[in-house]
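If you read the sequence from its start, that first residue is 1, and numbering goes on from there.
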Amino acid sequence: IMLHSTLALFLLLIAVTSNLAMAIKKEKRAPQTLSRGWGDEITWVQTYEEGLYQAKKSNKPLMVIHHLEDCQYCQALKKAFAENEEIQEMAQNNFIMLNLMHETTDKNLSPDGQYVPRIMFVDPSLTVRADITGRYSNRLYTYEPQDMMFLIENMKKALRLIQTEL
């Protein structure tokens, strides 16, 4: 009987420990600082270099959002982006995601200048997709809150291009 109760206690300990570990893991995910409000369920990479590495490794396109905290257009776009379930789900499952509040050294990410907000795609072969643009000719990679359907189409296009080109 002693062995039986020791075993029961041991199993209970394992159950409690693994639940605790899961709780800690969940807890750790709660303060999502890298999302900066663009979507807390999305796993965000910290740097452009990390994004490129993950894109290549996972064979998913990298989506780069350039924005600034004190830019009203960025704030409006962020709100629309975060509230759109289809965008959030695609971003979470099909893309490597990066939002940047500073410029990268990669000049390919600013083919028509440095402005915010702008959203660009980089495919897993590490090619910046200058062919996936927004609807404005003066600022090619700008999206406005009302452009979410257009952004969804561009996200789908980025995914299609991988399949056709690799």
Side-chain angles (χ1 to χ4, degrees), residues 25 28-166:
K25 209 169 168 183
K28 219 178 100 190
R29 214 178 130 72
Q32 241 288 31
T33 49
L34 290 177
S35 90
R36 301 186 182 94
W38 290 89
D40 287 337
E41 295 305 309
I42 297 168
T43 304
W44 297 87
V45 293
Q46 203 158 357
T47 63
Y48 183 54
E49 292 67 31
E50 186 192 345
L52 293 175
Y53 172 77
Q54 293 293 346
K56 199 176 178 71
K57 197 176 88 167
S58 65
N59 198 34
K60 291 178 177 178
L62 168 65
M63 183 172 179
V64 184
I65 305 170
H66 285 93
H67 64 107
L68 290 171
E69 208 51 63
D70 55 2
C71 153
Q72 65 181 20
Y73 303 106
C74 300
Q75 294 297 343
L77 181 64
K78 179 193 297 188
K79 190 176 180 327
F81 187 97
E83 287 172 359
N84 187 299
E85 281 179 29
E86 190 174 357
I87 287 178
Q88 290 291 307
E89 200 216 338
M90 269 201 291
Q92 198 179 338
N93 299 320
N94 307 107
F95 287 84
I96 303 301
M97 297 296 296
L98 172 66
N99 70 74
L100 284 180
M101 291 169 56
H102 58 82
E103 285 297 332
T104 66
T105 51
D106 187 346
K107 295 286 170 261
N108 296 313
L109 280 180
S110 49
D112 64 341
Q114 300 183 343
Y115 52 86
V116 291
R118 70 180 193 277
I119 299 177
M120 299 193 69
F121 297 93
V122 185
D123 67 31
S125 71
L126 309 187
T127 307
V128 176
R129 301 302 319 208
D131 54 346
I132 304 180
T133 57
R135 54 169 89 238
Y136 308 99
S137 55
N138 58 337
R139 290 186 164 191
L140 291 177
Y141 306 97
T142 289
Y143 295 84
E144 292 184 337
Q146 64 270 25
D147 298 335
M148 291 306 96
M149 290 317 294
F150 198 74
L151 180 58
I152 288 170
E153 285 314 306
N154 276 350
M155 289 171 83
K156 289 179 178 168
K157 184 175 175 183
L159 291 170
R160 269 198 313 273
L161 286 170
I162 293 175
Q163 272 126 34
T164 57
E165 292 180 11
L166 295 182

Over all atoms of both residues, closest heavy-atom pair of Ser58 and Ile96: OG-CD1, 3.5 Å

For Thr127, all residues meeting side-chain hydrogen bond (donor to acceptor under 3.5 Å, both in side chains), sequence neighbours excluded: Ser125

Heavy-atom pair with the smallest gap, counting every atom of Phe81 and Met63: CE1-CE, 3.6 Å

Counterpart residues, salt bridge (Lys or Arg N to Asp or Glu O under 4.0 Å), relative to Glu83 (two or more places apart): Lys79

Residue pairs, two or more places apart or on separate chains, that pass salt bridge (Lys or Arg N to Asp or Glu O under 4.0 Å) and touch residues 48-69: Glu69-Lys78

side-chain hydrogen bond (donor to acceptor under 3.5 Å, both in side chains) partners for Arg139, two or more places apart: none

Smallest separation among heavy atoms of Pro117 and Leu77, with atom names: CB-CD2, 3.6 Å

Ile119 CD1 to Thr133 OG1 distance, which is reported to the nearest 0.5 Å: 12.5 Å

Non-neighbouring partners of Asp106 that pass side-chain hydrogen bond (donor to acceptor under 3.5 Å, both in side chains), sequence neighbours left out: Tyr48, Asn108

For Ala80, all residues meeting side chain to side chain contact (heavy atoms under 4.5 Å, CB included), sequence neighbours excluded: Pro145, Met148

Beyond-backbone contact of Gln54 with Leu62, side-chain heavy atoms, under 4.5 angstrom: no

CG-OG1 distance between Leu100 and Thr47, expressed to the nearest 0.5 angstrom: 8.5 Å

Least distance between heavy atoms, Trp44 atom then Gly39 atom: NE1-O, 2.9 Å

Distance, nearest 0.5 Å, that separates CE of Met120 from CD1 of Ile132: 9.5 Å

CG-CG distance between Asp123 and Asn59, expressed to the nearest 0.5 angstrom: 9.0 Å

Partner set under side chain to side chain contact (heavy atoms under 4.5 Å, CB included) for Gln114, not counting sequence neighbours: Glu103, Ser110, Arg118

Pairs meeting criterion ring pair (Phe, Tyr, Trp, His ring centres under 6.0 Å) with involvement of residues 57-76, two or more places apart: Trp38-His67

By side-chain hydrogen bond (donor to acceptor under 3.5 Å, both in side chains) - contacts of Tyr143 (at least two apart): Asn154

Residue pair Asp131 / Leu161, side-chain heavy-atom distance below 4.5 Å: yes

With sequence neighbours excluded, residues passing salt bridge (Lys or Arg N to Asp or Glu O under 4.0 Å) with Glu86: Lys156

Partner residues of Gln146 under the side chain to side chain contact (heavy atoms under 4.5 Å, CB included) criterion, sequence neighbours left out: Tyr136, Glu144

Expected output: side-chain Arg36 to main-chain Asn99 donor-acceptor under 3.5 Å: yes

Shortest non-hydrogen contact from Asp112 toward Asn138: OD2-O, 4.2 Å

Between CG on residue Leu98 and OG1 on residue Thr104, distance to nearest 0.5 Å: 9.0 Å

Side chain to side chain contact (heavy atoms under 4.5 Å, CB included) between Thr142 and Asp147, worked out: CA-CA 9 Å; Thr142 289; Asp147 298 335; 6.0 Å; no

Ile42 to Ala91 - nearest heavy-atom pair and separation: CD1-CB, 3.6 Å

Pairwise distance CG(Leu34) to CD(Gln46) - rounded to 0.5 angstrom: 5.0 Å

